[in-house]
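Reading through the structure tokens given below for one structure.
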Amino acid sequence: MNLYRTMQLIRTAEEQLARCHARGLVHGACHTYVGQEAIAAGVCAHLNNDDVVFSTHRGHGHALAKGLPPAELFEELFGRAGGCSRGRGGSMHLFSPEIGLMGTSGIVGPSILQAAGAGYSFALRKTNQVAVAFFGDGAVNNGAFHEGLNLAAIWKLPVLFVCENNQFATEVPFAYAAGNPEVASRAANYGFTGVSLDGNDALAVHRAAGEAIARARQGLGPTLLECKTYRTRPHSEGMGDYTYRTREEVAAWRERCPIARLRATLIERGEATAAALDAIDAELRAEIAAVSEAAEKAPFPESSTATTHVYATPRRVDAPAEPGTREISYSAATLEALDHEMARNPHIFVLGEGIGVRGGNFGTTVGLYAKYGAQRLRDTPITERGFVGLAGGAAMTGTRPVVDFMFIDFINDAFGEIINQIAKMQYMSSGRLRMPLLLRGCVGIGHAAATHHSGSYHSIYSHIPGLRVVMPSTPYDAKGLLIHALRCDDPVLFLEPRELLSLKGPVPEGDYEIEFGQARTLLAGNQITVVGLGHLAQRALAAARSLQAEGLSVEVIDPRTVSPLDTESIRRSLAKTGRLLIVDEAFGPCGIGAEIAAQMADIGFDLLDAPIRRLNGAFAPTPYSPTLEPEVIPSQARIEAAIRELVDE
Amino acid sequence: MAIEITVPRLGWSMEEGIFGNWLKANGDTVSAGEPLFSLESDKVTMDVEALDSGVLHILATSPQPGDVVTVGQLLGHLLREGESVPVVSSPERTPVSPRARAVAKELGVDLAQVQPRPGKQRIIAADVQKIARPLPHRVTVATRMEESFRAPHFYLHADADAEALAHYRDQRRPLSYNDLLLKAIALALTRHPRVNAYWANDGVVARVTHHVALAAQVGEQLLTPVIPNPAEKSLAQITADRLEVLERCRQRTTRPADFADASATLSNLGPFGVDRFQAILNPPQSIIVAAGSIRKRPVVVGDAVVARLTLPISLSVDHRVVDGVAAAAFLQTLIAILEAPGATGESWG
């Protein structure tokens with residue numbers, strides 16, 4: 001009876017939403033679940049409020065089955081303030097963390113990885129929760145499926161993977177798109193159980209999901225359910241439907257309606273009377289009519305709040321400790337910071353290749369495995385998209401993952417997970433999800449590492465709202481900023497210039513935090529301001545010191561964080577000097593140097609006595625040979641020449 | 001190709017000469033060897049002969065008889081049959097840096113009078129400041145003053161009626177008189193750009209910012225931390241900035257910027273019951289404002305002596321930079337602002 005009620009609720013609500021879409025009340029897309037209701041109802045019937053689901057662009061059914069009040073669904077699709085995502089999401093981005101609805105997504109695949117991440121959180125925190133990923137047949141030919149299922153398998157995570165095989169990925173037939181169209185059989189590739197089901201049989205789904213969830217709660221690992229079904233409305237409301245499938249096929253599937261089928265079974269078995277079921281139908285029709293009418297009258301969100309919740313509210317931080325006299329290396333400083341925070345916060349865990357017993361390619365985790373164990377220092381397969389997506393799901397569910405990329409170049413395999421999921425999650429959930437996640441790796445050119453191990457990507461990632469991008473150039477800054485990053489509720493990209501890892505400098509033994517968005521003046525001067533980034537902040541400092549002998553007075557500023565960027569400190573320096581040079585080994589076009597130049601041309605126009613200049617790495621991949629490599633990065637001599645030239649302007 | 005007619009050098013040392021007159025008329029056909037114009041140097045007057053043949057075209061800007069001309073100056077052209085007068089391009093506008101433009105506006109300097117440093121294309125702020133340097137008598141005054149005083153001060157005194165100020169402040173506690181004074185000094189500085197300057201390298205250097213320092217006793221130290229730009233800030237922001245910088249002083253976490261680039265200093269001994277005093281300049285600033293205690297004092301209003309709250313203000317001034325009248329005008333503005341807080345058209349927040 002409860003299954004029937006849930007399915008009918010979904011159907012009644014979506015049919016009303018389709019009408020509202022036709023009336024123009026739904027401002028964007030509207031992807032219905034009509035014909036697939038048995039799956040959401042059958043699976044979610046086994047979930048507690050604190051179990052979590054991650055869903056797809058076709059997520060109305062999962063949301064309602066997980067307990068979302070229909071009013072919040074209607075208001076969200078109508079763009080109202082009371083919507084479950086407060087008007088930030090719409091049909092494809094439904095969030096209600098309070099009831100374990102951790103988000104539906106307009107991108108195919110991430111739900112699989114995020115559910116695995118939630119499973120990781122539950123295992124680490126030793127709760128009895130489970131995570132469910134809903135996804136369509138379109139997702140199973142995607143890397144996220146392979147990577148997510150494999151990670152869940154090797155770590156025996158409490159996750160249920162539910163493939164709703166409705167036979168079309170948008171309008172592309174699954175039979176055409178899949179080399180092996182038997183989805184359930186693919187679980188064997190990862191060493192766990194896959195079950196193929198009639199997804200229109202609510203009782204069969206309910207039974208199989210119950211078994212799988214029980215196994216997950218017992219610590220026996222993941223299960224894959226393939227539920228074969230069909231959506232009987234178009235991919236999205238208002239779209240044409242009969243180019244890629246026939247009217248006859250759709251009509252035949254309508255005859256196999258899961259709700260009518262359950263109704264017949266319940267009556268046949270004597271578990272319900274037709275009158276009782278009719279009463280439920282009538283009650284739901286009345287409820288949805290009332291909800292729809294009320295949502296039409298509900299207020300819209302205040303326009304002025306359009307950019308709130310991009311970031312968590314920054315914490316107030318005490319002034320950092322003085323550097324003192326103890327000198328340690330950049331690497332030792334970040335290791336000390338990570339060790340300190342892992343001891344303090346049991347929810348921090350590290351993911352990466354060779355960061356376990358080995359202690360990291362760059363010694364980022366040396367000695368920590370012995371202290372904190374395998375679950376908190378987790379060696380990964382080489383599957384960047386997989387473990388970054390997983391880290392996103394973990395961050396949403398109460399742990400604080402640290403992803404150690406070793407070389408930052410590898411991050412780009414996870415670009416979509418970072419840009420589309422991790423960076424946007426706080427905003428889409430209107431600040432109700434937090435994303436305490438640290439992504440770290442070594443950047444920069446040197447030692448013939450060549451082009452796949454020499455990248456600098458701070459500019460690209462600083463373009464993205466929702467991310468913090470940090471790139472310290474001294475051991476002192478590295479420790480203070482890393483501790484701050486590990487206490488911050490935003491996703492942080494922490495970039496460590498490889499050529500500076502053995503640089504020594506004064507670092508206090510205790511913990512201290514350096515806030516984001518505060519530049520540091522490495523050297524005071526009054527003839528020219530040089531803003532240096534990462535490795536080149538130190539090289540600019542060396543150039544400035546060498547030019548002191550020529551009587552040139554150069555001010556060197558290290559922004560320390562690229563996002564947020566401390567434009568005020570740069571402007572203040574410019575007020576003193578009237579001249580600005582930006583030195584960065586990353587590519588020039590669309591880089592952070594261009595951004596600084598544009599901002600200073602705006603807020604510092606009347607301070608300029610000369611054009612703003614940039615000195616960047618060459619616009620080319622990084623070469624290997626020792627005669628080629630130094631050519632693509634500004635040398636100290638070139639920095640000095642650029643300073644002289646600009647002072648002479 | 002048109003042939004240029006220019007002023008020739010007569011003898012070794014000639015740089016300039018005096019133009020006599022044209023010996024041919026505009027449009028005349030001239031043959032090589034014919035006299036064209038007369039020219040006088042300090043040694044000789046001679047008729048200058050044409051070196052080539054052609055139709056004479058005299059420039060519209062040709063010198064008049066008696067005008068001083070320089071060697072090489074273009075006077076006209078000799079044209080061949082059917083040739084037209086070449087367009088004489090006017091020299092390109094000298095580029096001016098945005099900072100130089102801003103400084104020129106602040107100091108009221110006409111950019112047409114400014115030249116870039118030798119060998120440079122662009123006028124920069126320093127070029128403008130050089131022009132804005134005082135007249136020679138200013139330098140003489142400064143030199144003489146410096147002989148007697150290391151920092152040649154003079155002092156001006158005036159009392160502000162503080163009734164309105166006290167009322168304004170009482171309604172906005174915990175706003176302090178210091179915050180109001182910082183704001184008022186900065187506002188007055190914005191209206192007196194010549195006071196907003198200091199003496200360096202034998203010249204007056206103008207400032208483009210209006211930061212104000214506050215003399216403060218922190219532990220055993222007398223410090224003068226800077227409140228940046230109070231003129232453009234709300235009083236609440238000034239209060240916040242003041243408390244923050246003083247906290248940094250106490251915590252010893254100040255940054256170089258906390259002590260840089262102030263135009264003036266406020267020294268307020270009013271809270272310590274000091275009636276009035278004269279303060280010593282805080283180099284390189286050219287003024288310091290000394291504030292005494294705000295209390296009721298006898299004031300003559302009409303023909304009666306009445307008790308009113310007054311605020312004694314003393315201004316110490318670097319005479320190398322600012323003269324008495326300019327300083328008095330500044331003090332007058334400051335008093336006026338203090339007597340009508342929030343009513344100056346500026347944002348007081």
Side-chain angles (χ1 to χ4, degrees), chain A residues 316-324 476 480 508 512-515 518-529 553-558 560 566-580 597 600-613 645-649, chain B residues 95-107 111 114 116-130 196 200-201 205-211 226-229 232-233 237 240-241 244-263 284:
Chain A
R316 282 195 71 94
V317 166
D318 293 337
E322 291 295 321
Y476 174 78
Y512 59 96
E513 291 181 66
I514 297 172
E515 275 179 81
Q518 293 189 352
R520 177 140 87 114
T521 304
L522 297 179
L523 183 71
N526 56 32
Q527 282 179 284
I528 178 171
T529 302
S553 172
V554 181
E555 181 142 305
V556 182
I557 294 184
D558 175 6
R560 302 197 287 194
D566 182 1
T567 48
E568 178 51 27
S569 288
I570 300 171
R571 193 201 64 81
R572 210 177 288 167
S573 175
L574 191 58
K576 204 159 50 150
T577 65
R579 288 172 164 79
L580 177 61
M600 289 307 124
D602 182 356
I603 63 173
F605 183 76
D606 285 336
L607 305 173
L608 289 166
D609 243 347
I612 300 171
R613 292 262 163 78
E645 199 176 297
L646 188 52
V647 169
D648 199 39
E649 264 285 338
Chain B
V96 182
S97 83
R99 190 187 186 98
R101 225 173 262 289
V103 170
K105 192 174 167 197
E106 183 100 22
L107 297 177
L111 280 167
V114 184
R117 296 149 299 157
K120 303 296 177 192
Q121 297 298 313
R122 187 185 302 107
I123 293 169
I124 64 169
D127 301 325
V128 178
Q129 280 160 343
K130 215 185 315 172
N196 190 26
N201 306 324
V205 181
R207 290 186 191 275
V208 290
T209 54
H210 305 92
H211 307 329
V226 174
I227 315 301
N229 212 2
E232 285 176 23
K233 284 189 180 141
Q237 187 59 48
D241 285 5
E244 276 174 28
V245 77
L246 287 173
E247 185 56 26
R248 284 199 293 278
C249 288
R250 274 187 281 276
Q251 301 289 337
R252 295 167 187 266
T253 56
T254 51
R255 311 179 278 248
D258 288 335
F259 295 103
D261 301 329
S263 300

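We name chains A, B, ... by the order of the sequence lines, and we start the count at 1 in each one. No experiment lies behind these values; they were computed from the predicted model shown. What's counted below: heavy atoms across the whole structure, side chains too, no hydrogens, waters or symmetry copies.
Looking at R101(B), there are no atoms closer than 4.5 Å to chain A (heavy atoms on both sides), in backbone or side chain. Looking at R520(A), neither its backbone nor its side chain comes within 4.5 Å of chain B, counting heavy atoms on both sides. Neither the backbone nor the side chain of A524(A) comes within less than 4.5 Å of any heavy atom of chain B. Neither the backbone nor the side chain of R248(B) comes within contact range of chain A, judged by heavy atoms closer than 4.5 Å. Of the atoms belonging to E322(A), it is side-chain heavy atoms, and not backbone ones, that fall under 4.5 Å from chain B.
K120(B) has a carboxylate O that lies under 4.0 Å from a charged side-chain N of D648(A), or vice versa, which qualifies the two as a salt bridge.
No side-chain heavy atom of T209(B) sits less than 4.5 Å from a side-chain heavy atom of R572(A).
The minimum heavy-atom distance linking P611(A) with R122(B) is given by the pair CD-NH2, 3.5 Å.
The backbone N or O of L608(A) sits less than 3.5 Å from a side-chain atom of S97(B), completing a donor-acceptor pair. Between the R99(B) side chain and the A575(A) main chain, a donor and an acceptor come within less than 3.5 Å of each other.
Among A102(B), A260(B), G119(B), the residue with the largest count of heavy-atom pairs under 4.5 Å with chain A is A102(B).
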